[in-house]
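Worksheet: one structure, shown below.
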Amino acid sequence: MRLTRSLIPTIKETPAEAQIVSHRLMLRAGMIRQQSAGIYAWLPTGLRVLHNIANIVRAEQARAGAQEILMPTIQSADLWRESGRYDAYGPEMLRIRDRHDREMLYGPTNEEMLTAIMRDSVQSYRDLPQMLYQIQWKFRDEVRPRFGVLRGREFYMKDGYSFDPDYASAVASYRRMMLAYMRTFQRMGVRAVPMRADTGPIGGDLSHEFHILAPTGESGIFYDSDFEHMDWIHSLPGYDDPSEIDIFYDQITQTYAATDEKHDLNSWADVPELRRREGRGIEVGQIFYFGKKYTEAMGFSVTGPDGSKIHPEMGSYGIGVSRLTGAIIEASHDDAGIIWPDAVAPFRAAILNLRQGDATTDKLCEDLYAGLGDAALYDDRPARAGEKFADADLMGHPWQLIVGPRGAATGQVELKRRRTGERAELSLTDALAKVLA
RNA sequence: CGGGGCGUGGCGCAGCCUGGUAGCGCGCUUGUUUUGGGUACAAGAGGCCCCCGGUUCGAGUCCGGGCGCCCCGACCA
């Protein structure tokens, strides 16, 4: 993308309303613009990050055997009356009426709707298990939205649902999802730590929250430093072998991690002192097993092997996709701006033409741009070097390709790594190879 | 939902107490200048002062009502 033809409205001064760093940086980098309290428009670079995160989620869901669907944002109140949650949910649920005065709502979650879909479509235990998910906008009318996209009222969320014929199968689904989540967050370039959690209004008796480690996190967390070394991408347990999944699950759940509310001093004392870590975390996902709560309430049953009716066991699995954009920034930034992990960055590299209009630098930049295509943001503004450096640092591209008259004369490009500040003078070919590696 | 604060060119703010031609910095446009970390100079453009009502000869300023947004706390993917 050429910067002169893009809507990337970076700003130098910090907007007054933004208190925390990710909110400030998202506004300053031109990723989002606020429309109402807790409601944001996503501009081109912000949306690219949102899509990158969503696509990592998709890839890992597919690997775990989940199928993507898309359900409507607007739901009927009657559906929620079936489960009893229409009255139970409270003012967080945005209730609306259509022109015929029918009661509707903007979905805060979708257990009821998918249970109804399954009820209409699945009659036999042979059709189970099923794991389905969507990535869709949700609305929860928070009393006090804040922290930009970390605590918005409208948010983009991956919500998945499992349906199993019996308890053992349901637990296996739960464990598979936990593995998928660990891989998902690791691929995004951040560390997530799973912790036992309360089930809250969704109900059920098994739940974990996933927190990203960030000094500005909302909750205090305690964890074993072993979590910092676990690698679920390069040493992937097999999804198809339940015993491998169980080994994974045991390793995760036997390693200490707790939010300050659930912190247990006795178990903490069992963690070797050198491995004890105290920090702060941002919750970016939560998974639940809740059994037959909805299938019974809504009358979803299948015929079992012996011909009797059984209510499937359910679990649900959430990832805050829009929240993750902010959470990753909280975990990865410096005084100059965002430092995007490669996997989610809106562009792999920025091309900085320090002397726009100079035939030599222009040519070199155009060649780089041709080699990188959509992976690059070409800063072709007729602006001063300092401004281009500042904006590139602010936007946080993993690589900066700096082209000035000095090096351009000999065909050299300066390649800077945003995260480390490392710089190297390279030929065009070598620079491209390194960025695309 | 309790407590506090703020709405003035795109952004950050002053002006309000004590009513009388709407200002500053940044940004934007044009020209010159500068050219590896937000250059300097000059000339410009741009404002229903959140909305409605009241007081007054006159309201950004005073009074009443509304709306919006932010912060602290309780609550939450």
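Proteins get letters first, then strands, A, B, ... in listed order; numbering begins at 1 in each.
Distances were taken from every side-chain heavy atom of A:A390 (C-beta onward) to each of B:A77, B:G38, B:G36; the shortest belongs to B:G38. When distances are taken from the side chain of A:E218 to each of B:G37, B:C76, B:C72, the shortest belongs to B:C76. Here B:G38 is the nucleotide among B:G38, B:C13, B:G73 with the atom lying nearest to any side-chain atom of A:K12. In the set B:C75, B:G36, B:G38, the nucleotide with an atom closest to the side chain of A:E142 is B:C75. Residue A:V143 places its side chain closer to B:A74 than to any other of B:G38, B:C69, B:A74. The side chain of A:M157 sits closest to B:A77 out of B:G38, B:A77, B:G36. For A:D393, taking side-chain heavy atoms from C-beta onward, the closest of the listed nucleotides B:C71, B:G37, B:C76 is B:G37. Taking the side chain of A:S36 as heavy atoms from C-beta on, and the options B:C71, B:G36, B:C69, the nearest nucleotide is B:C69. Closest to the A:K416 side chain, of the nucleotides B:G36, B:C72, B:G37, is B:G37. With B:C70, B:C76, B:G36 as the choices, the nucleotide that has an atom nearest any side-chain atom of A:A37 turns out to be B:C70.
Between the P atoms of B:C75 and B:U39, the separation comes to 48 Å (whole Å). Nucleotides B:G58 and B:C72 have their P atoms positioned 44 Å apart, rounded to a whole Å. Rounded to the nearest Å, the gap between the C1' atom of B:G20 and that of B:G73 is 45 Å. Between B:U35 and B:C51, the distance separating the two C1' atoms is 49 Å to the nearest Å. Rounded to a whole angstrom, the distance from the P atom of B:A74 to that of B:G12 is 29 Å. Nucleotides B:U55 and B:G65, compared at atom C1', are 15 Å apart to the nearest Å. B:C11 and B:C63 have their C1' atoms separated by 32 Å, with the value rounded to a whole Å. Between B:G44 and B:A59, the two P atoms lie 31 Å apart (nearest whole Å).
Taking atom CZ of A:R24 as the reference point, atom P of B:C11 lies 18 Å away to the nearest angstrom. In this structure, A:R144 places its CZ atom 12 Å from C1' of B:G2, rounding to the nearest Å. Whole-Å rounding puts the A:E17 CD to B:C13 P distance at 10 Å. Taking atom CG of A:L27 as the reference point, atom P of B:C69 lies 15 Å away to the nearest angstrom. For the pair A:R384 CZ and B:C41 P, the interatomic distance rounds to 13 Å; values are reported in whole Å. Spacing between atom CZ of A:F147 and atom C1' of B:C75 amounts to 13 Å, rounded to whole angstrom units. Rounded to whole Å, atom P of B:G38 lies 14 Å from atom CZ of A:R28. Atom P of nucleotide B:C70 and atom CG of A:L150 are separated by 14 Å, given to the nearest angstrom.
The pair A:E103-A:R81 counts as a salt bridge, with a side-chain nitrogen and a carboxylate oxygen less than 4.0 angstrom apart. Salt-bridge check for A:E283 with A:R151: failed, with every basic side-chain N at 4.0 Å or more from each acidic carboxylate O. A salt bridge links A:D342 with A:R417: the distance from a Lys NZ or Arg NE/NH1/NH2 to an Asp or Glu carboxylate oxygen falls below 4.0 Å.
Between the base of B:G27 and the side chain of A:E13 there is no donor-acceptor pair shorter than 3.5 Å. A donor N or O paired with an acceptor N or O is not found under 3.5 Å between the base of B:G37 and the side-chain atoms of A:E387. Remark: the A:R423 side chain and the B:G37 base include a donor-acceptor N/O pair separated by less than 3.5 Å. A:R151 contributes a side-chain N or O that forms a donor-acceptor pair with the base of B:C76 under 3.5 Å.
Using Watson-Crick or G-U wobble geometry with both donor-acceptor distances under 3.5 Å, B:C69 finds its partner in B:G5. Applying the Watson-Crick and G-U wobble criteria (two distances, each under 3.5 Å), B:A43 pairs with B:U29.
The cationic group of A:R48 lies under 6.0 Å from the six-membered ring centre of A:F347 and within 45° of the ring axis, placing it in a cation-pi geometry. In this structure, A:R418 forms no cation-pi arrangement with A:W399, as its terminal cationic atom is not both closer than 6.0 Å to the ring centre and no more than 45° off the ring axis.
Side chains of A:R85 and A:Y294: a donor on one and an acceptor on the other come within 3.5 Å. Side-chain atoms of A:Q356 and A:D379 include no donor-acceptor pair closer than 3.5 Å.
Note on A:R323: a base of the nucleic acid sits closer than 4.0 angstrom, heavy atoms only. Within the nucleic acid shown, A:I11 has no heavy atom closer than 4.0 Å to any nucleic acid atom. Across all strands shown, A:G152 has heavy atoms under 4.0 Å from base atoms, whether or not it also approaches the sugar-phosphate. The residue A:E414 sits close to a base: some heavy atom pair falls under 4.0 Å. Among the protein residues, A:G404 comes within range of the nucleic acid bases, having at least one heavy atom under 4.0 Å from a base atom. Within the 4.0 angstrom heavy-atom criterion, no nucleotide atom of any strand lies near A:D159.
Put simply, A:Q19 has no side-chain N or O that comes within less than 4.0 Å of OP1 or OP2 on B:C72. When the side-chain nitrogen and oxygen atoms of A:R355 are compared with OP1 and OP2 of B:U35, none of them lie within a distance under 4.0 Å.
The nearest heavy atom of RNA chain B to A:P405 and to A:H23 marks one nucleotide each, and the one closer to the 5' end goes with A:P405. If A:T14 and A:G320 are placed on RNA chain B by their nearest nucleotide, the residue sitting closer to the 5' end is A:T14.
Separating the CZ atom in A:F147 from the NE2 atom in A:H23 is a distance of 11.0 Å, to the nearest 0.5 Å.
Evaluation of A:F155 against the base of B:A77 yields a stacking contact (centre distance < 5.5 Å, interplanar angle < 30°).
Exactly one of A:T73, A:L105, A:I39 qualifies for a side chain to side chain contact (heavy atoms under 4.5 Å, CB included) with A:F139. That residue is A:I39.
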